[in-house]
Number of protein chains: 2
Amino acid sequence: MTTPPHRGDVPHRPKVAVMEDVAELAGVSAMTVSRVLNAPEKVRPETRARVLAAVQELGYRPNSAARVLVTGRSGVLGVVSFDTTQYGPASTLYAIERAARQNEYSVSIASLDALNRRSIAEGVGRLTSQSVDGVIIVAPHESATDGLRHLPPDLPVVAVDAGDGVPFPVVMVDQHAGAARATRHLLSLGHRTVWHLSGPANWVDASARVAGWRSVLEAEGREVREPLAGDWSARSGHELGRRLASEDDLTAIFVANDQMAMGLLRALREAGLRVPEDVSVVGFDDIPEAAYFWPPLTTVRQDFATVGRLAFQLVLDRIDGVLGERRLKVEPELVVRESAGVRPPG
Amino acid sequence: MTTPPHRGDVPHRPKVAVMEDVAELAGVSAMTVSRVLNAPEKVRPETRARVLAAVQELGYRPNSAARVLVTGRSGVLGVVSFDTTQYGPASTLYAIERAARQNEYSVSIASLDALNRRSIAEGVGRLTSQSVDGVIIVAPHESATDGLRHLPPDLPVVAVDAGDGVPFPVVMVDQHAGAARATRHLLSLGHRTVWHLSGPANWVDASARVAGWRSVLEAEGREVREPLAGDWSARSGHELGRRLASEDDLTAIFVANDQMAMGLLRALREAGLRVPEDVSVVGFDDIPEAAYFWPPLTTVRQDFATVGRLAFQLVLDRIDGVLGERRLKVEPELVVRESAGVRPPG
DNA sequence: TTCCCGAGTGTTTGCGATAACACTTATTCC
DNA sequence: GGAATAAGTGTTATCGCAAACACTCGGGAA
């Protein structure tokens with residue numbers, strides 16, 4: 001007498017209901033249950049009601065793996081991104097998730113440790129092997145652009161803040177325009193020229209902001225001082241600020257993001273310079289804390305929520321086979337607070 | 001003669017390779033391919049090499065849906081969380097994703113619009129219907145605790161920062177100890193008592209910090225002033241700071257997070273109070289910018305990365321059937337900078 | 001009446017992988 | 001030498017669902 005294998009050692013799971021169970025309870029075939037769930041109008045109302053009641057009673061939930069296997073669609077969107085602890089990427093991700101949820105999609109994420117071609121390809125790979133229907137890439141680094149050119153061509157992909165020359169739609173804030181706006185604002189206050197504390201080299205946002213800043217200065221025939229590059233952190237803003245503080249024609253600075261602006265403000269104060277009386281500062285991003293900097297920071301607001309929403313809409317279109325815009329720009333907005341004032345006399 | 005259906009109208013996709021294709025190319029059965037991928041040691045090295053070559057040549061990637069269907073395991077971990085744009089949740093999420101990735105798991109997210117039982121159940125539902133293997137819930141609100149009691153009992157779940165009485169493991173920073181440390185630090189500087197600017201009611205972290213702060217004051221026989229509750233934002237810190245500024249025995253304040261501390265610092269300055277000469281301030285979190293506040297903020301560092309890592313380890317154990325710790329606490333650390341000083345004379 | 005049509009439902013098949021088991025062949029042991 | 005064993009591989013069944021097609025039935029058109 002042998003003991004039956006694999007029985008008894010497991011405490012008899014109350015096995016979850018499958019479609020067949022629902023069908024049986026409702027006295028119909030599994031196919032009818034499927035129809036009730038996917039094309040209710042094809043089922044007579046009273047049958048439908050019986051099925052729905054059975055679904056309810058058994059707490060039935062369709063098995064997505066089985067559905068994916070047969071339909072080829074998963075209802076999952078992949079997002080690959082770099083450093084989601086930062087305000088910008090985090091907000092974008094959040095907006096994407098919201099938009100996805102409203103369209104019955106869920107979101108799978110793949111964070112990147114580094115920004116380079118291998119890393120991006122690998123991130124996309126992790127997602128595609130989870131059968132995502134499409135991918136949004138939030139990787140605003142120029143090295144990424146390269147990686148983006150070598151993706152599976154049939155996969156619906158949309159990038160956020162990517163450089164030129166990627167073979168699919170891109171959604172981005174118009175960094176160039178934002179930087180230009182900030183720079184013009186400072187010039188309009190009477191400053192002779194504007195210094196720039198930029199983001200790290202090879203970040204597309206950083207380059208675009210440099211370009212926007214430079215273009216305004218050049219158009220106005222102002223002197224263009226070499227920008228100092230930080231790494232987006234308050235720490236780097238502080239460090240560069242100390243160097244900057246000793247320049248004698250320093251009256252206006254455009255900083256590539258709010259965190260660096262924060263470090264800069266502190267460095268200036270430590271050097272005995274008052275903001276905005278002696279030096280004017282304009283940031284970029286409008287993080288929620290910007291209004292509580294000392295002094296409250298004049299900055300350029302990026303609407304990450306809109307970016308996320310648009311990016312989702314674009315992948316969704318691609319998934320549905322619609323070929324939409326190739327490059328959407330969201331307008332940034334100058335938020336005037338108190339860190340930028342008129343040029344000091346002298 | 002009828003035309004063959006569904007041929008020619010679709011522009012002949014280069015259909016992706018499936019296991020059978022690999023098998024054919026390598027001259028083996030599909031089962032052998034499967035073994036090469038899942039239990040390579042059971043296949044003779046030369047066969048294995050042939051199969052691997054075929055995999056390479058066809059660019060074969062296993063179809064996860066099919067695998068999930070038959071194995072019942074997806075390799076996907078669900079994370080439900082509230083407001084991932086904030087530093088804490090974002091960092092936790094990031095750490096979870098990292099840990100997951102290192103263990104060949106990927107991560108699906110479900111953001112919550114609100115913190116209540118329905119919302120949490122719905123978020124978990126969205127994830128389970130995607131066949132996740134386990135779920136980590138980052139929802140530090142007391143109303144969540146209720147929702148957490150009504151989840152499918154067989155689903156491996158771990159919570160981050162949940163209150164007592166949830167029926168599964170919880171990982172959290174020891175908020176009580178952190179608050180106590182901050183409070184003791186202020187008392188040790190000679191302050192007679194410490195005010196508290198707390199987080200919103202019903203947030204478990206907020207309550208724990210209040211409790212930690214209160215317990216030290218009571219143990220030392222100091223006066224306990226009613227805490228003022230903010231909403232974690234710099235804005236609320238500023239607003240409450242204005243109210244606080246007029247109190248005449250105000251020399252030390254413990255603030256429940258760094259953003260509120262920032263708003264508070266500004267309000268104090270606006271009221272003509274110097275920090276730390278007139279008033280000492282200690283925050284909580286140690287966000288990356290805290291060192292660049294004016295003055296640099298003394299605060300309590302939460303190690304979100306460790307929290308995320310532990311939470312992942314715990315779900316992983318549960319998925320594997322290991323029943324581990326029920327409540328893990330991560331020690332916070334007081335980071336002394338310049339915003340807290342000795343009690344002013346008088 | 002007969003036929004056709006469409007609405008509503010059921011049956012069969014197949015999605016792509018793995019579990020379980022069956023089958024070879026070589027190896028070991030008595 | 002023969003049985004027992006192990007290593008390597010193949011066969012078959014199955015996971016849960018939906019696509020495709022088949023069937024039934026009643027009502028209108030011819």
Side-chain angles (χ1 to χ4, degrees), chain A residues 2 4-7 10 13 15-51 54-55 58-75 128-131, chain B residues 2-7 9-10 13 15-52 54-55 58-75 128-131 133:
Chain A
T2 54
H6 308 298
R7 287 262 176 252
V10 176
R13 277 272 183 79
K15 198 169 95 55
V16 302
V18 301
M19 196 173 266
E20 191 59 45
D21 303 328
V22 176
E24 205 165 320
L25 181 58
V28 297
S29 74
M31 196 58 230
T32 297
V33 177
S34 175
R35 272 189 278 255
V36 168
L37 267 27
N38 300 307
E41 75 284 358
K42 294 194 175 171
V43 177
R44 207 179 334 140
E46 59 234 59
T47 314
R48 197 190 308 163
R50 274 211 326 278
V51 169
V55 165
L58 296 177
Y60 168 73
R61 315 213 43 178
N63 177 312
S64 73
R67 175 181 273 164
V68 173
L69 190 55
V70 66
T71 62
R73 279 213 175 193
S74 63
T128 49
S129 75
Q130 296 293 337
S131 350
Chain B
T2 55
T3 46
H6 309 298
R7 286 261 177 255
D9 35 357
V10 176
R13 276 272 183 79
K15 201 170 94 57
V16 305
V18 300
M19 195 173 269
E20 191 59 45
D21 302 329
V22 176
E24 205 166 319
L25 181 58
V28 297
S29 75
M31 196 58 232
T32 298
V33 177
S34 174
R35 272 189 279 254
V36 169
L37 268 26
N38 300 306
E41 75 284 357
K42 295 193 175 173
V43 177
R44 203 176 341 138
E46 60 233 59
T47 313
R48 196 190 310 161
R50 267 204 339 269
V51 170
L52 255 18
V55 166
L58 297 177
Y60 169 73
R61 315 214 42 179
N63 178 313
S64 73
R67 175 181 274 164
V68 173
L69 189 56
V70 67
T71 61
R73 277 204 170 204
S74 63
T128 49
S129 74
Q130 295 292 339
S131 357
D133 290 344

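Keep in mind that this is a model prediction, so the values were computed, not measured.
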**OP:** Grab the CD-C1' distance between A:Gln130 and C:dG16 for me, whole Å please.
**Re:** 15 Å

Original post:
Among C:dC15, D:dC17, C:dA17, which is the nearest nucleotide to the side chain of B:Ala66?
Top reply: C:dA17

**OP:** Please confirm whether the backbone N or O of A:Val43 pairs with a side-chain atom of A:Arg48, one donor and one acceptor, at under 3.5 Å?
**Re:** yes

Subject >> Donor-acceptor under 3.5 Å (B:Arg50 side chain, B:Ala26 main chain) >> reply: yes

**OP:** For B:Tyr60 and C:dA17, give me the distance from atom OH to atom C1', rounded to whole Å.
**Re:** 7 Å

Subject >> Partner of A:Ser64 by side-chain contact (heavy atoms from CB on, under 4.5 Å), out of B:Ser131, B:Ser74, B:Ser129 >> reply: B:Ser131

**OP:** Determine the minimum heavy-atom distance between B:Val55 and B:Val22, stating which atoms define it.
**Re:** CG2-CG1, 3.7 Å

Original post:
What heavy-atom pair brings A:Ala23 and A:Ala30 nearest, and what distance separates the two atoms?
Top reply: CB-N, 3.5 Å

Original post:
When you measure from every atom of DNA chain D, which of residues 19-50 of chain A have a heavy atom less than 4.0 Å away?
Top reply: A:Met19, A:Met31, A:Ser34, A:Asn38

**OP:** Classify the nucleic acid contact of A:Val18 as base, sugar-phosphate or nothing, counting any heavy atom under 4.0 Å across all strands shown.
**Re:** sugar-phosphate

**OP:** Assess whether side-chain contact (heavy atoms from CB on, under 4.5 Å) is satisfied between B:Val18 and B:Asp21, documenting all intermediate values.
**Re:** CA-CA 5 Å; B:Val18 300; B:Asp21 302 329; 3.6 Å; yes

Subject >> d(CG, B:Asn63; P, D:dG16) in whole Å >> reply: 16 Å

**OP:** Please state how far atom CG in B:Leu69 lies from atom P in C:dG14, giving the value in whole angstrom units.
**Re:** 17 Å

